[in-house]
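Quick notes on the structure that follows.
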Amino acid sequence: YGQTISQPYIVALMTALLKPYSESTILEIGTGSGYQAAVLSKIVKKLYTIERIPQLLEKAAKIWKELAAVIAGIISEGNFIATNEKLELLAMDDSRVSLVYLDFPSDAFARWNYNAEEERLKIGVNFADFKRVMARGKAKDSIKFLLKREGEKAYFTVAFFRGTEAAQRAFNLPILDIPEERIPLKELAYKVRVVFSPPTFFADMMRDAKVVGEELEIVADKDQELLIFRAVSETGGTYEYSVNLRESGDVVEFNIEETSSARYSVDFLTKFARAAKVAESLTIQYSKQMPLQLDFSLPGGARLTFLLAPRL
């Protein structure tokens, strides 16, 4: 559609020039990814945003289709947690090797109505079922999520529609009683941090690496300002994807405190990489013998984060 996504520092500059304050009421024409709206919504009293290109609003089906596929590839069942501020998911895979965290703020939805008496609602979902339902979304569909009860049964409903809601297709997924696992999320101190935008290279790179081997070594060279992804086969064959961090147009920012190398599972990384299809940026953080953290920034200020244990 001839549109571009502003880099984070441009959004910060535009926000500063606008000089918003806590009592401001702002009308934004052209929602786009929703990133600018998400930033302003945390500052001003009221924000109205209108998308002038219908096709951009209709990308919701594609985004959630990819998210459902990524999550279902890692965990079988889990709990969405709904609050007045967001819809989120935090879970680990059965092998306890990886963690997935989805943070979808209320501002990322066109409408968000939370009328529950509880401060938070637990929504247990079978993600294989959720993936199959989301796969039924068409390219131009909008999506509506809602909770409803029929007698003693509670459902997580996914409805697809176009334009108005006069005609819609609704799938009712039974809400499962899944024990909630409290997983503390801690900020880790990494030696390497690189931000890519767009992150589309990552999925292609992982498909290439999977042809060669089961492990991916990531090497950050501080002196040469290089980031190297390397896979090695059992017979000695290799695959390497290298990025000159200073010269690459896809690198938004980077910081290498020390030259670092670590190895991670190609299988898990290939599953994570699918999120690059709908992400605006990817932040890669790691250190030697530490978990790899991948943060995919999604439209509207949403975020999908993965942590993956290293192979020692």
Donor-acceptor check, side chain of [X] to backbone of [Y], threshold 3.5 angstrom: yes or no?
| X | Y | result |
| --- | --- | --- |
| Ser287 | Met290 | no |
| Thr259 | Lys222 | yes |
| Lys131 | Lys65 | no |
| Asp267 | Lys271 | no |
| Asn79 | Ile178 | yes |
| Trp112 | Asn84 | yes |
| Thr15 | Leu13 | no |

State, with a plain yes or no, whether a side-chain heavy atom of [X] is found less than 4.5 Å away from one of [Y].
| X | Y | result |
| --- | --- | --- |
| Val195 | Leu282 | no |
| Ile75 | Leu89 | yes |
| Asp208 | Tyr241 | no |
| Asn172 | Lys153 | no |

Inset, instruction - In sequence, state the C-alpha distance, the side-chain angles, and the governing distance for Lys86 and Asp107, and then conclude on salt bridge (Lys or Arg N to Asp or Glu O under 4.0 Å). - result: CA-CA 8 Å; Lys86 66 175 70 176; Asp107 297 328; over 6 Å; no
Distance-minimising heavy-atom pair for [X] and [Y]:
| X | Y | answer |
| --- | --- | --- |
| Ile123 | Ala82 | CD1-CB, 4.2 Å |
| Ala108 | Gly300 | CB-O, 3.5 Å |
| Pro291 | Leu188 | CG-CD1, 4.3 Å |

Restricting to salt bridge (Lys or Arg N to Asp or Glu O under 4.0 Å), what partner residues turn up for [X], sequence neighbours left out?
| X | value |
| --- | --- |
| Arg136 | none |
| Asp250 | none |
| Asp204 | Arg207 |

Legend entry - Short side-chain donor-acceptor distance under 3.5 Å, Tyr286 and Gln293: no
Legend entry - Polar contact flag, side-chain donor to acceptor under 3.5 angstrom, Ser281-Ser297: yes
When hydrophobic residues are tied together by side-chain contacts of less than 4.5 Å, even through go-betweens, does [X] share a cluster with [Y]?
| X | Y | result |
| --- | --- | --- |
| Met134 | Phe161 | no |
| Phe254 | Ile284 | yes |
| Ile256 | Val219 | no |
| Phe127 | Leu121 | yes |
| Leu304 | Ile81 | no |

Legend entry - Residues Phe109, Phe104; criterion ring-ring contact (aromatic ring centres under 6.0 Å, His included); working and verdict: CA-CA 8 Å; Phe109 294 92; Phe104 223 93; 5.0 Å; yes
Answer yes when [X] and [Y] have at least one side-chain N-carboxylate O distance shorter than 4.0 Å, and no when they do not.
| X | Y | value |
| --- | --- | --- |
| Asp141 | Lys62 | no |
| Arg230 | Glu217 | yes |
| Arg96 | Glu181 | yes |
| Arg193 | Glu253 | yes |
| Arg274 | Glu66 | yes |
| Glu180 | Arg120 | yes |

Legend entry - Thr200/Lys277 under side-chain contact (heavy atoms from CB on, under 4.5 Å): CA gap, chis, key distance, verdict: CA-CA 6 Å; Thr200 48; Lys277 294 181 181 180; over 6 Å; no
Inset, instruction - Can you establish whether the number of heavy atoms outside Glu215 located under 6.0 Å from its atom CD is more than 12? - result: yes
First locate atom [atom1] of [X], then atom [atom2] of [Y], and finally report the distance between them rounded to the nearest 0.5 Å.
| X | Y | atom1 | atom2 | value |
| --- | --- | --- | --- | --- |
| Lys288 | Ser261 | NZ | OG | 8.0 Å |
| Arg263 | Leu292 | CZ | CG | 13.5 Å |
| Thr270 | Phe202 | OG1 | CZ | 8.5 Å |
| Met92 | Ile74 | CE | CD1 | 11.5 Å |
| Met205 | Lys210 | CE | NZ | 14.0 Å |
| Gln224 | Ser242 | CD | OG | 10.0 Å |

Legend entry - Evaluation steps, side-chain contact (heavy atoms from CB on, under 4.5 Å), between Leu294 and Thr305: CA-CA 6 Å; Leu294 302 179; Thr305 297; over 6 Å; no
Inset, instruction - Walk me through it: do Ile183 and Leu99 pass the test side-chain contact (heavy atoms from CB on, under 4.5 Å)? - result: CA-CA 9 Å; Ile183 305 172; Leu99 177 146; 3.5 Å; yes
Legend entry - Tyr239/Phe229 aromatic ring centres below 6.0 Å: no
Inset, instruction - Compute the ring centroids of Phe145 and Phe80, then answer whether they are less than 6.0 Å apart. - result: no
Legend entry - Aromatic plane relationship, Phe201 with Phe196 - under 30° parallel, 30 to 60° tilted, over 60° perpendicular: tilted
Inset, instruction - Can you label the angle between the Trp64 ring and the Phe130 ring as parallel, tilted or perpendicular, going by 30° and 60°? - result: perpendicular
Inset, instruction - Begin from the C-alpha positions of Glu240 and Ile228 and carry the test side-chain contact (heavy atoms from CB on, under 4.5 Å) through to its verdict. - result: CA-CA 7 Å; Glu240 186 171 292; Ile228 301 169; 3.4 Å; yes
